[in-house]
Chemist: 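This is the structure I have questions about; it appears just below.
Residue indices begin at 1 and follow the sequence shown.
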Amino acid sequence: RRRFRDAGAELAEAIEALIAMGHASRDVWDYTPRRIAGFLRVAHVRMSQEKADSLALQTLATRGDAKEVKRQHKALLNGT
């Protein structure tokens, strides 16, 4: 069954998502819909990449050679 959503629900969800990502609420309410969509698109790409990186590291940690795991750990700590 499809729930009824009022006209502002999608905008409210987008604004809430940006606030949850760290945007100041006083600023977000002044963003244009196009700007909101742009920020959400960029955030989605970033979060997808972070998830892919996390999955790769978890896979390496469970299946990888101990030396390679140690090398990757050191690289992450050094920011490389």
Side-chain angles (χ1 to χ4, degrees):
R1 192 168 84 137
R2 189 173 175 162
R3 289 183 353 172
F4 174 77
R5 293 178 47 131
D6 61 25
E10 188 175 330
L11 180 60
E13 288 174 5
I15 287 172
E16 187 280 331
L18 290 176
I19 292 169
M21 289 177 211
H23 290 254
S25 60
R26 66 182 173 279
D27 295 334
V28 174
W29 287 101
D30 291 332
Y31 293 170
T32 64
R34 184 176 291 196
R35 191 169 190 192
I36 291 170
F39 277 128
L40 290 175
R41 245 187 325 275
V42 169
H44 177 72
V45 169
R46 178 185 48 78
M47 289 187 296
S48 294
Q49 184 60 52
E50 288 172 353
K51 289 176 185 177
D53 291 345
S54 178
L55 177 61
L57 288 172
Q58 290 174 29
T59 302
L60 175 65
T62 58
R63 299 181 182 170
D65 175 60
K67 288 181 183 178
E68 180 61 18
V69 171
K70 189 172 184 174
R71 187 187 73 72
Q72 284 289 329
H73 184 258
K74 187 176 179 178
L76 287 170
L77 292 175
N78 292 328
T80 59

Chemist: Less than 4.5 Å apart, side chain to side chain, heavy atoms only: is that true for E13 and E16?
Modeler: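 With C-beta onward as the side chain, the pair stays apart.
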
Chemist: Quick check: do D27 and L18 have side-chain heavy atoms less than 4.5 Å from each other?
Modeler: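 SC-SC contact between D27 and L18 ruled out.
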
Chemist: If you look at every heavy atom in L60 and V69, which pair is closest and at what distance?
Modeler: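 For L60 versus V69, the nearest heavy atoms are O-CG2, 3.5 Å.
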
Chemist: For the atom pair NE2 (H73) and CG (L57), what is the distance rounded to the nearest 0.5 Å?
Modeler: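 Reported to 0.5 Å precision, the distance equals 10.0 Å.
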
Chemist: Checking Q58 against S54: is there a side-chain donor and acceptor pair closer than 3.5 Å?
Modeler: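 Indeed, the side chains of S54 and Q58 share at least one donor-acceptor pair under 3.5 Å.
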
Chemist: In this structure, are over 12 heavy atoms from other groups packed under 6.0 Å from E10 atom CD?
Modeler: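 Count not over threshold, so no.
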
Chemist: Going from CG on L76 to CZ on R71, what distance comes out if it is rounded to the nearest 0.5 angstrom?
Modeler: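 Result: 9.5 Å between the selected atoms.
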
Chemist: Measuring from D65:CG to K70:NZ, what's the distance to the nearest 0.5 Å?
Modeler: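 If we round to the nearest 0.5 Å, D65:CG and K70:NZ are 12.0 Å apart.
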
Chemist: Begin with the C-alpha distance, continue with both residues' side-chain angles, and end with the deciding distance and a verdict on side-chain contact (heavy atoms from CB on, under 4.5 Å) for Q49 and D53.
Modeler: CA-CA 6 Å; Q49 184 60 52; D53 291 345; 2.8 Å; yes

Chemist: Give the intermediate values and the outcome of side-chain contact (heavy atoms from CB on, under 4.5 Å) for residues L40 and M21.
Modeler: CA-CA 10 Å; L40 290 175; M21 289 177 211; 3.8 Å; yes

